[in-house]
Peer 1: 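This structure is in structure tokens; I'll ask about it shortly.
Side chains are part of it too, since the values below use all heavy atoms of this structure and drop only hydrogens, waters and symmetry mates. The chains referred to below are lettered A, B, ... by the order of the sequence lines, with proteins before strands, and numbering in each begins at 1.
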Number of protein chains: 2
Amino acid sequence: MTRVCVAGVGVIGSLFAAHLSRVAEVSTLTRREEHARVLREQGLHVSGRAEFTGTLDAATTPADLPEPELVIVACKGTDLDSIAARLQGFWPDATLMTVQNGIGADEVVGRYGDWKLLTAVTFMSGTRHADTHVQYVLDTATWIGPARGTTPADAQAAAALIESSGLRAEAFDDLRPAQWSKLIFNATVNTVAALTGLPHDPHFAAIVRPEDLGRLVRALMDEGKAVAAASGVTLRDDPWEMNVLATQRGSAHYPSMLEDVDAKRRTEIDMITGALVRAARQAGVPVPLHETMFALIKGKEASWE
Amino acid sequence: MTRVCVAGVGVIGSLFAAHLSRVAEVSTLTRREEHARVLREQGLHVSGRAEFTGTLDAATTPADLPEPELVIVACKGTDLDSIAARLQGFWPDATLMTVQNGIGADEVVGRYGDWKLLTAVTFMSGTRHADTHVQYVLDTATWIGPARGTTPADAQAAAALIESSGLRAEAFDDLRPAQWSKLIFNATVNTVAALTGLPHDPHFAAIVRPEDLGRLVRALMDEGKAVAAASGVTLRDDPWEMNVLATQRGSAHYPSMLEDVDAKRRTEIDMITGALVRAARQAGVPVPLHETMFALIKGKEASWE
């Protein structure tokens, strides 16, 4: 039987850990000792789209866990360095899979060890009601592609394992076209929402009057598309079309960066806009508008630090 | 004796009206009938740097006031159109002086009548404690220059009148070099503060690291300086030096646009960044960063409308 460790047990980590415990031997790496204790004693309950309680191991250090074949690094982008540092020196034969927003999460983790790496992006969502109870809300897929030291077959194996557990997953020979589409979309929609206070609503697609917000959204996406093209990435979906389509749905999505700003939490700007700006520099493409959004979000973070 | 009408009796209007009542026959144009009544009955008390009560006339329509030689339009930039509309058709021989932030206030007012116009910008400040009581805090000057139909001598006469009342004033043959310096400064500092939540503090002058906020501040000011140059304006003060100097003072200034955003009030963006963007279009100078700030502040206003 496969052994999987889920590192970081928030909403996404809880959904992975509980579901996978039905088809694999699952351990979880938590930050708090109390969290590990209740998971070991009570298991992890899933409600919503599924209804069951999974049994799993849990600890605050890898030293107390069995060596897994697959590690799903499921923390927020802002905790990536600290969780990778805790894994440093452990489990050299394991494959680590990152599922954070943006791009470059696998590279961050890869700095802490020679593990084989898979890169993924997840669209599923849930609500965490307690340390031992997560509600499964949106059953959208996790997309997985090969990264350092792995092949498309490794991505397919991981996707097959996740699918067998009751979650949705899809493997790609190259994740970059999908990941970059989402990156450009997020670098734009998340920052514009966080700075204006608007949820992702029809303002984002309005381009009739000269001052309409959609013009800024489109200009930001055009900058992002130029970076993708110069980096040799053919986008899977056009970010502007994703934007127009999303704003035509009934209810306006409340982007996570706007939630972070409301709560005066550190945002994922470094993994999203930061990654795009770094890629732009590497490709020699000017991105003055994304640099502006980056500086403003950093300034916002500084205002409550 | 000179007759002066002060249109708009907030902090700035109250300071002008009370002081000028000591050397001129002053009337005030208020929005609320109750405000006019208490001003007529109790006069207008000044505390702080001066201590006296001025006597003046007050009404909610020009029809109920004596015809003045000088009208000081002292409302906020966002109320300019509505106050100019109320003056429309009255007092064709009067000179109207605007004192709003940004540029173009005189042009807005000029659309409502053929009055002679003076353009001014004021740096004095106070606190309004009641309809009949204003505290005079900062005794910095009002700068006055000629506009439509007026000469430097007219600006000097207005400055002399204001000086004789106990306020500080200075006349310029051409106000544009000073006004544009302040415009570029405000278009940058006000919007960056309003979007980040930071008061005007040392973050605005930091340019060491690539992500430092001062780089955005400088880039915005460089765009503004290019517009000034292309418009034939030689700046009186360098906005970046004004910025560095201001952030080196002990206490951080809390810009008015940040106050507006905190209170979810409509901002003066149209008279400040809006005016700069319009001038840039006229001069054929690209200002993508100021257009970004404009769209974001407009989006912020839309978020609470």
Peer 1: Which residue out of B/L289, B/I297, B/V261 racks up the most heavy-atom pairs below 4.5 Å with chain A?
Peer 2: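 Of B/L289, B/I297, B/V261, B/L289 has the most heavy-atom pairs under 4.5 Å with chain A.
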Peer 1: Non-hydrogen atoms of chain A under 4.5 Å away: do they reach the side chain of B/L216, the backbone, both or neither?
Peer 2: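 Looking at B/L216, just its side chain touches chain A.
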Peer 1: Counting backbone as well as side chains, what donor-acceptor pairs lie under 3.5 Å between chain A and chain B?
Peer 2:
unit_1: A/L195; atom_1: O; unit_2: B/K300; atom_2: NZ; d: 3.1
unit_1: A/T196; atom_1: O; unit_2: B/S303; atom_2: OG; d: 3.2
unit_1: A/K300; atom_1: NZ; unit_2: B/L195; atom_2: O; d: 3.1
unit_1: A/S303; atom_1: OG; unit_2: B/T196; atom_2: O; d: 3.2

Peer 1: Among residues at least two apart in sequence or on other chains, which ones pass side chain to side chain contact (heavy atoms under 4.5 Å, CB included) with A/A230?
Peer 2: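 Listed in chain order: A/A283, A/V285.
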